[in-house]
Structures are given as structure tokens and as C-alpha cells.
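Notes follow the structure.
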Amino acid sequence: MPFATAGDGTQIFYKDWGSGQPVVFSHGWPLTADAWDPQMKLMVDNGFRAIAHDRRGGGRSGQPWDGNNLDTYADDLAAVIEAEDLHDVILVGHSTGGGEVTRYIGRHGTARVAKLVLLGAIPPLMLKTEANPEGLPIEVFDEIRQGVLTDRSQYYKDLSAPFYGANREGSTVSQGTRDEFWLWSMTVGIKGAYDCVKAFSETDTTEDLKKVDVPTLIVHGDDDQIVPIVSAGDKSSKIVKGAQYKVYEGAPHGLAMVPKYAEIFNKDLLEFARS
């Protein structure tokens, strides 16, 4: 299994499948690279190379006490990209992963990047502030931290419902999908999971978005109960020059793992990669 060594020595696990133009996937909190398996297979089946890493703190990567912040996540991503000397990369980030790939561009530029895809992504800022009244109040994120600290196993089981929209009338989300979410989440160490809440909620990536100078596809579900579209996709699409913005009606946060919406996203992803 391949590992890249981060700046502080942390080992970052990644999958590397196929050959061709590289598509590098960054996953959401509190998941692992496995969440991208269907899209990775799709891309490899269509002539691309697919790479996805486990963020530090969980999965098969190291679990250091420090470094659970967006700057270090972006540098860890850079370590993976540089370990394989990747160029002409299509970066794809979901949720926190969307913040990670955006901060990567802010810190490392686009010399190695060809295109960017943001899916249900956290940029520019999730937290409600005077300058960002559409954001969520700090109490929402305090509740997440409390859930992680007190009974994270049950918390993750409960969180899988709004994550996939399983709490909506007419939902066909399977129990297996929700169990999978719990399984991945439980591989994340409590320190990494706890610290990441601050990273994804309080990090402002507005200036990073302004540095994006490659073709960009932004996708967001208008029924995203985790990262509300009004403070995320709607705003990011106005900051990134020339971005394509697609809103999926009724789609939840984890839309890429819900068959009804995954089919649409997979088509859009492949079409954008080929364009």
C-alpha cells in the first residue's frame, strides 16, 4: 500500500488505480478515501488514473496529535501529489475535501492542476459571522464536537440520516449505505475528528477561491442539510471566475453515494473531465 510522508513525518495512505490523466479525490469529514470508490472505478474504467488518500487522523493514515487543520491537510495533499510527481491533475473535493483542495490551490498554486471539482464543499466559510450572515451559528459546531466526545459511535449513526437525506420522506437510502458511513467514521481517531470540526467550520477560504484559475465545476444539492447551499455553493460559484455551477434539486450532502443523484453526478464528473 502506498504512503506519502507529510512534512511532519506523518504517513498519508493513498490508493492509486489505473493510468492516464490523474484525478485526485479528497473526501469529507469524517470519512476515508473509500467513500470515493465508485467514482474512482468510473474514472479508471474511462481511461483516467484515480488517486484518493485517507486524511491524517483516520483510515490507514497516521494519527498525529497535531496538524488537524486545513493548511496541513492541503500540504498533506501536496505530499501525495508530489510523491507521484503528478501533473495535469483534476482535483475533486467533497465537503471538507473541497476545502482541502481549495486551500491546496491557495498554498501551492495550479502548476500541477488542470481542473477543479467542488462537491457539496465547505468553501468559502461555514461559520456565521457578521460578514457571513448566511453561515451556521457556532452552537451547531459545538454540538458536533460534543457528539464526537460523548458517544461518537451513536452520533455517527444518527448523522448518517441527514448526511444522505435518509430523514426525508420518500428516501430510498439503504441501511447498508448508512452502516458504511458509520464504519468509515469509526476509523477516525477522536482527536483528528474533534479538531477537524474547527478546520471545516471556521476556516475562511475566500482568498483561496480567488486564486483558482483553472476550469471549475461546482455541484451542490439544494437539500444539503450539512453544508447549506446558501453559504457554500451559491457563494463559491460567484467567487471562482467562469465556474460552472450545477444545483441538484432535492439532493443531500452525500449525493455521490445516493444512487439517484450519483448517476447524475458521475455523468457530470466524467463529462467535465473529458471536456
Side-chain angles (χ1 to χ4, degrees), residues 1-105 107-119 180-181 183-189 191-193 195-196 199 214 256-257 266 269-270 273:
M1 296 189 294
F3 289 85
T5 302
D8 63 356
T10 300
Q11 295 296 293
I12 305 297
F13 166 86
Y14 61 97
K15 305 179 183 189
D16 184 359
W17 298 350
S19 60
Q21 184 178 8
V23 185
V24 178
F25 295 89
S26 292
H27 63 79
W29 180 92
L31 307 179
T32 72
D34 294 349
W36 282 119
D37 271 13
Q39 283 72 35
M40 291 183 69
K41 183 178 186 302
L42 170 78
M43 300 311 289
V44 175
D45 285 346
N46 283 277
F48 292 87
R49 179 181 179 184
I51 296 171
H53 67 289
D54 288 348
R55 186 167 297 117
R56 67 168 52 216
R60 291 140 292 197
S61 289
Q63 295 193 15
W65 188 255
D66 297 314
N68 301 298
N69 57 73
L70 216 56
D71 283 355
T72 310
Y73 296 159
D75 292 349
D76 291 348
L77 174 60
V80 172
I81 290 172
E82 290 162 15
E84 293 295 330
D85 193 25
L86 302 178
H87 294 272
D88 201 28
V89 174
I90 300 171
L91 289 176
V92 183
H94 173 238
S95 196
T96 299
E100 180 177 280
V101 296
T102 302
R103 180 53 55 92
Y104 169 86
I105 288 176
R107 287 173 70 82
H108 300 274
T110 54
R112 293 176 179 265
V113 180
K115 296 177 183 177
L116 174 67
V117 179
L118 299 176
L119 170 64
E180 197 172 45
F181 178 95
L183 177 66
W184 293 328
S185 301
M186 288 303 294
T187 71
V188 181
K191 179 62 160 59
D195 287 357
C196 189
V214 295
M257 291 163 266
N266 290 349
L269 173 63
L270 189 57

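Quick note: residue numbers are just sequence positions, from 1. As a basis for the values below, the full set of heavy atoms in this structure was taken, side chains included, without hydrogen atoms, waters or symmetry mates.
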Lys115 (side chain) donor-acceptor with Ile90 (main chain) under 3.5 angstrom: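 The answer is no, because no donor-acceptor pair under 3.5 Å joins these two groups.
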
Any donor-acceptor pair under 3.5 Å from Ser61 side chain to Asp54 backbone: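 Yes, Ser61 side chain to Asp54 backbone: donor-acceptor pair under 3.5 Å.
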
Hey, does [Y] have a side-chain heavy atom less than 4.5 Å from the side chain of [X]?
X	Y	answer
Met43	Leu269	yes
Thr10	Asp76	no
Ser185	Trp29	no
Asp195	Asn69	no
Ile51	Val89	no
Leu116	Ile105	yes

Restricting to non-hydrogen atoms, name the atom on [X] and the atom on [Y] that form the minimum distance, rounded to 0.1 Å.
X	Y	result
Leu119	Ala256	CD2-CB, 3.8 Å
Gly67	Thr72	O-CB, 3.1 Å
Leu118	Gly98	CD2-O, 3.6 Å
Pro64	Gly57	CD-N, 4.3 Å
Ala273	Gln21	O-OE1, 4.4 Å
Pro30	Val188	O-CG2, 3.2 Å

All pairs passing salt bridge (charged side-chain N to carboxylate O under 4.0 Å, His left out) where residues 2-14 contributes a residue, at least two apart: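 As it turns out, the salt bridge (charged side-chain N to carboxylate O under 4.0 Å, His left out) pairs with a partner in residues 2-14, which skip direct neighbours, are Asp8-Arg56.
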
Sequence neighbours excluded - salt bridge (charged side-chain N to carboxylate O under 4.0 Å, His left out) pairs with any residue from residues 85-96: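 Applying salt bridge (charged side-chain N to carboxylate O under 4.0 Å, His left out) to every pair that reaches into residues 85-96, excluding sequence neighbours, yields Asp85-Arg112.
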
Applying side-chain hydrogen bond (donor to acceptor under 3.5 Å, both in side chains), name anything that partners [X], two or more places apart in sequence or on another chain.
X	value
Lys15	Asp34, Asp37
His53	Glu100
Ser95	His253

Partner set under salt bridge (charged side-chain N to carboxylate O under 4.0 Å, His left out) for Glu82, not counting sequence neighbours: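 For Glu82, no residue satisfies salt bridge (charged side-chain N to carboxylate O under 4.0 Å, His left out) once neighbours in sequence are set aside.
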
What's the spacing between [X] [atom1] and [Y] [atom2] if we round to 0.5 Å?
X	Y	atom1	atom2	answer
Leu91	Thr102	CG	OG1	9.0 Å
Phe48	Leu270	CZ	CG	6.0 Å
Arg55	Asn68	CZ	CG	10.0 Å
Ser26	Tyr104	OG	OH	10.5 Å
Phe13	Arg60	CZ	CZ	4.0 Å

How would you list, by chain and number, every residue that makes a side-chain contact (heavy atoms from CB on, under 4.5 Å) with [X], sequence neighbours excluded?
X	value
Asp75	Arg107, His108
Ser19	none
Glu84	Tyr14, Asp16, Arg49, Leu86
Ala35	Leu31, Trp184, Met257

With Phe25 via ring pair (Phe, Tyr, Trp, His ring centres under 6.0 Å) - residues at least two apart: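 Ring pair (Phe, Tyr, Trp, His ring centres under 6.0 Å) list for Phe25, sorted by chain: Trp36.
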
Cation over ring face, Lys41 and Trp17, 6.0 Å, 45°: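 Lys41 over Trp17 ring: no.
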
